[in-house]
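Written below as structure tokens is the structure these notes are about.
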Amino acid sequence: MTRQTLSGATALVTGASSGLGVDFARQLAQRGASLVLVARREEKLRAVQSELQSRFPQPVEVIPIDLAVEDAPQRLFDQLQSAGRQVDVLVNNAGFGLHGRFAEIPWQKQRQMLQIDLIALTHLTSLFVQDMLPRRHGYILQVASIGAYQPSPTYAAYAAAKSYVLNVSQALHYELRGSGVSVTTVSPGVTATEFLQVAGQSPTLYQRLTMMNSREVARIGVEAMLRRQATVVTGWFNAVAVRVMYHLLPRGLATAIANLTMTVD
């Protein structure tokens, strides 16, 4: 493999049945990677598999699994190990958000979200980074959010989980210097996927005006990963907003502005 091609590599993409997961898979296939696609919805996974197999010569395998189940990451890893599948690229894309006041969201939904967005991501990262290190080669791409950079009322637990993803991944990127394995965190803003629908929110004016194409977000993330970049925020507007909110404004004011962008139409 060279820096800009993944010919001969195997890439594992979680949350690959829709949205960003599909576009990450397309970007990786365009660069020559064989694919292992993971998601809960088997029918949608099979449709993505058929599309990719019609467009690219590399094999595409699908593994239907629900990462909200506690032992799912270990079972996924063990299945690949038993089959002799070596993963060179891990894209931790699976996840969802919940919109609403924290006290009004049922705990079971919060727990499921945190299990996928935080626990499963950390577990998969731990398993696969340990597998990559002896080979001294590998890429891990973590999907965070611009919400990771400030408290976000009405997305309180989701944004906090993404802050964890951003921070643990940046720390791991630093720890892995010189190892041949790197961790890149991509932080999108509002993206044209099922996210808002699943979260239970109608898009606000701000969200409609700043929404990015999923394909472009995936391209930016994969290119940053191949450069072994620690972090990337997608889109110039989002990059400026993060800099202003995170670096220049008092935290209380940044929180109030985040609340307005998520609630005012």
Side-chain angles (χ1 to χ4, degrees), residues 1 6 9-16 20-21 24-25 27-28 33 35-40 63 65-83 85-97 111-145 147-149 157-188 217-218 221-222 224-233:
M1 291 183 295
L6 292 168
T10 295
L12 169 64
V13 182
T14 68
L20 276 173
F24 280 127
Q27 290 288 328
L28 294 164
L35 297 171
V36 179
L37 306 181
V38 174
R40 176 177 53 85
I63 302 178
I65 194 167
D66 185 357
L67 291 173
V69 178
E70 186 174 355
D71 68 343
Q74 187 68 59
R75 287 191 287 112
L76 173 61
F77 180 79
D78 292 345
Q79 180 175 338
L80 292 168
Q81 290 283 294
S82 296
R85 298 300 302 274
Q86 176 179 294
V87 171
D88 306 287
V89 179
L90 169 64
V91 180
N92 268 318
N93 169 71
F96 66 96
R111 190 211 64 79
Q112 184 184 36
M113 180 188 70
L114 295 171
Q115 182 68 37
I116 298 174
D117 292 10
L118 196 155
I119 301 298
L121 176 143
T122 307
H123 195 179
L124 287 170
T125 301
S126 174
L127 291 167
F128 284 99
V129 78
Q130 291 178 65
D131 189 56
M132 292 172 178
L133 281 171
R135 293 183 266 122
R136 298 192 62 79
H137 188 86
Y139 299 93
I140 297 174
L141 180 60
Q142 315 279 48
V143 179
S145 165
Y149 288 89
Y158 171 78
K162 292 303 184 179
S163 293
Y164 168 87
V165 171
L166 177 65
N167 281 279
V168 75
S169 300
Q170 282 190 273
L172 182 54
H173 179 89
Y174 188 89
E175 290 179 9
L176 293 173
R177 290 174 304 160
S179 71
V181 181
S182 57
V183 178
T184 298
T185 307
V186 57
S187 294
V217 170
V222 169
M225 179 194 77
L226 291 172
R227 293 193 299 269
R228 299 192 183 276
Q229 190 171 327
T231 64
V232 63
V233 175

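The first residue in the sequence is number 1, and the count goes up from there. Source: prediction; values computed, not measured.
Side-chain contact check for V69 versus R75: some heavy-atom pair is nearer than 4.5 Å.
Taken to the nearest 0.5 Å, the CG atom of L226 stands 8.0 Å off from the CG atom of L28. Taken to the nearest 0.5 Å, the CG atom of L90 stands 5.5 Å off from the CE atom of M132. Here the CZ atom belonging to R111 is positioned 8.5 Å from the CD1 atom belonging to I116, to the nearest 0.5 angstrom. Between the CG atom in L172 and the OG1 atom in T184 there is a gap of 10.5 Å [rounded to 0.5 Å]. Taken to the nearest 0.5 Å, the NE2 atom of H137 stands 8.0 Å off from the OG atom of S182. Put simply, CG on L141 and OG1 on T185 are 8.0 Å apart, with the number rounded to the nearest 0.5 Å.
The nearest pair of heavy atoms linking L37 to A25 is CD2-CB, 3.8 Å. The two residues S163 and A148 come nearest to each other via the heavy atoms OG-O, 2.6 Å. When all heavy atoms are compared, the tightest approach of L67 to A72 is CA-CB, 3.9 Å. Considering every non-hydrogen atom in both H173 and A230, the closest pair reads CD2-CB, 3.6 Å.
Listed by chain and number, the residues in a side chain to side chain donor-acceptor pair (under 3.5 Å) with S169 are Q142 (sequence neighbours excluded). By the side chain to side chain donor-acceptor pair (under 3.5 Å) test, Q74 pairs with D78, sequence neighbours left out.
Contacts classified as side-chain hydrogen bond (donor to acceptor under 3.5 Å, both in side chains) and involving residues 114-124 (residues at least two apart or in different chains) are given here: T122-Y164.
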